Chemist: 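Please read through the structure below; I'll follow up with questions.
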Protein chains: 2
Amino acid sequence: MNQKLPVPERLLAAAADLFARDGFDAVSVRQITSRAKANLGAITYHYGSKEALFHAVIDRVGAHLADRFVSIAAEKGAPLERIGRIVTMVLTEPNLPAPTMILRELAMDRPLPPPLVQMMQRNMGAVMGLIREGQADGSIRHGDPALFAMSVMAQPFLLRMVSRIPRDIAGIDRNDPETQRKLVKHVVTTITRSLAS
Amino acid sequence: MNQKLPVPERLLAAAADLFARDGFDAVSVRQITSRAKANLGAITYHYGSKEALFHAVIDRVGAHLADRFVSIAAEKGAPLERIGRIVTMVLTEPNLPAPTMILRELAMDRPLPPPLVQMMQRNMGAVMGLIREGQADGSIRHGDPALFAMSVMAQPFLLRMVSRIPRDIAGIDRNDPETQRKLVKHVVTTITRSLAS
DNA sequence: TTTTGGTTCATACGTATGTATGAATAGCGT
DNA sequence: ACGCTATTCATACATACGTATGAACCAAAA
């Protein structure tokens, strides 16, 4: 890690790595400060608490994902085509901890971190906008845009984690580039077919 | 809780409730034994360790879910129709902690509990069987049954957690029975359309 | 040069953790 | 009634946790 970064940035980066991989409960303050090469008290001093740092991480990775959604949604192309690009991005972007962190937080029975709610709002907004546009031009069938948006995101978010499943069960090896390409094509096709009029 | 149950069963039930809600890391041995009205040492005595108890819980809830999958897959009806029933079951069955626990474990960067792998194997097997049957009779389009099965499960597994998302973002309130029915209909339709030939 | 405020440090604290252990208890079989 | 095994109990242990704190340090401003 770049020692030249100021301590708050190093803490954020270390926390992002560890929280993305292991989740809030399984990561300790000592692990984060050790990885960031900072003092044990640095988290409390700069962020106030472990939880506040966690929210800062969610804000950082969430904003990044939402930016990508909004950015692709604003590109040229048919609505379904742009939805396909968003789905491809979620499935193929290498450093993208947000989907896993979202799923993990959704699976916990505790209040969602506010930055996560904000990010989901932007993501849903971007996808719902595309769906409404497609419904207006007749390329997407009628239905509740919110439900459609949830369905669009379910597959890529979950199938990003397919590499976690033993190969002989998932039937695919996501570390194989050809299989990865096939998976992306499959997901995009499946989503496109379910939305098209 | 039924005090009449033997201690191992009470521990399993208490652990199932707590692990389902909060996940392995956030639940303590003391919380489980307190809820089960058992002694602090009971977990180590009967199960060997906290982790072993966790695996026993996964085995219990995983076997239950897999049984439901296999049972519905074996019913009468067209393959797509039975897939629809499986999806409906996942979305509507009230006491079904397995989907959330699966997602949570998939979102962690640690080895999957063996009982979870076994359960996924049975679930995938049941759904893939239906897909192959549908492809054989021409009702389901050609494609990799494993990929199709993953896609089938992605939406219901994830959309079970929609109630966790603030209503004005998800656009739906799953506590409202009419919205719940609409959600189920939407998911079944979406999946059916994406599979149909 | 001195002062000031931000930052880092080493240490401490109270609380919590999972596991271990020897003693006590209970129930079953002989 | 006795012996044995399973089970439960209360307590202890070593370790770990997040947060707090006063001291030390550093850089910028006066």
Side-chain angles (χ1 to χ4, degrees), chain A residues 1-60 101 104-105 108-111 113-115, chain B residues 1-60 101 104-105 108-111 113-115:
Chain A
M1 180 180 301
N2 192 337
Q3 202 75 15
K4 292 190 177 88
L5 281 173
V7 169
E9 268 306 304
R10 300 210 306 271
L11 288 171
L12 205 53
D17 282 350
L18 294 170
F19 283 144
R21 197 182 68 188
D22 301 318
F24 180 80
D25 301 300
V27 173
S28 71
V29 165
R30 284 165 176 81
Q31 284 178 292
I32 298 169
T33 52
S34 172
R35 185 173 185 135
K37 291 183 173 41
N39 188 262
L40 183 60
I43 288 177
T44 306
Y45 180 83
H46 289 290
Y47 291 93
S49 68
K50 180 188 176 185
E51 185 178 15
L53 174 59
F54 182 59
H55 285 197
V57 165
I58 298 278
D59 191 44
R60 168 71 63 93
M101 294 183 83
R104 195 189 289 127
E105 283 310 301
M108 297 298 195
D109 192 23
R110 67 189 174 208
Chain B
M1 181 178 301
N2 193 338
Q3 200 76 13
K4 292 191 177 83
L5 280 174
V7 169
E9 269 307 303
R10 299 210 306 270
L11 288 173
L12 204 53
D17 283 349
L18 294 170
F19 283 144
R21 198 183 67 190
D22 302 318
F24 179 80
D25 300 299
V27 173
S28 71
V29 165
R30 285 163 177 80
Q31 283 178 291
I32 298 170
T33 52
S34 172
R35 185 171 184 136
K37 291 182 173 41
N39 187 263
L40 182 60
I43 286 178
T44 306
Y45 181 82
H46 289 288
Y47 291 92
S49 68
K50 178 188 177 186
E51 186 179 15
L53 175 59
F54 181 60
H55 285 196
V57 165
I58 299 278
D59 191 44
R60 168 72 61 93
M101 293 183 83
R104 196 187 290 122
E105 282 310 303
M108 298 298 195
D109 191 24
R110 66 189 175 207

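The chains referred to below are lettered A, B, ... by the order of the sequence lines, with proteins before strands, and numbering in each begins at 1. Just so we're clear, the structure is a prediction, and the values are computed from it rather than from any experiment. FYI, side chains are in, hydrogens and waters are out, and symmetry mates aren't considered; it's all heavy atoms of this structure.
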Chemist: Are any of B:His46's side-chain N or O atoms less than 4.0 Å away from OP1 or OP2 of D:dA6?
Modeler: no
Chemist: Does B:Ser28 or A:Gly41 map to a spot on DNA chain C nearer the 5' end, using the closest nucleotide for each?
Modeler: A:Gly41
Chemist: Rounded off to whole Å, could you give me the CG-to-P distance for the B:Asn39 and D:dC9 pair?
Modeler: 5 Å
Chemist: Search all heavy atoms of B:Leu40 against all heavy atoms of B:Val29 and return the closest pair with its distance.
Modeler: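 Result for this residue pair: CD1-CG1, 3.8 Å.
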Chemist: Look at the aromatic rings of A:Phe19 and A:Phe24 and report parallel, tilted or perpendicular, splitting at 30° and 60°.
Modeler: parallel
Chemist: Taking atom P of D:dA6 as reference, at what distance in whole Å does atom OH of B:Tyr45 sit?
Modeler: 6 Å
Chemist: Taking CZ from B:Arg30 and P from D:dA12, how many angstroms apart are they, rounded to a whole number?
Modeler: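 Atom CZ in B:Arg30 sits about 13 Å away from atom P in D:dA12.
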Chemist: Can you name the side chain to side chain donor-acceptor pair (under 3.5 Å) partners of A:Asp25, sequence neighbours left out?
Modeler: A:Arg110
Chemist: So do the side chains of A:Leu53 and A:Leu12 get within less than 4.5 Å of each other, counting heavy atoms only?
Modeler: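 Answer yes - side chains close enough.
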Chemist: What is the distance, to the nearest angstrom, from the CD1 atom on B:Ile43 to the C1' atom on D:dT7?
Modeler: 15 Å
Chemist: Under 4.0 Å, heavy atoms only, any strand: does B:Leu40 hit a base, just the sugar-phosphate, or nothing?
Modeler: base
Chemist: Per the side-chain hydrogen bond (donor to acceptor under 3.5 Å, both in side chains) rule, what does the pair list look like for residues 40-59 of chain B, sequence neighbours excluded?
Modeler: none
Chemist: Check for a donor-acceptor pair, side chain of A:Glu9 on one end and backbone N or O of A:Pro6 on the other, with a separation under 3.5 Å.
Modeler: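 Absent.
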Chemist: Considering only heavy atoms of chain B and a distance under 4.0 Å, specify the first and last nucleotide of DNA chain C in 5' to 3' order that meet this criterion.
Modeler: C:dT17 to C:dA20
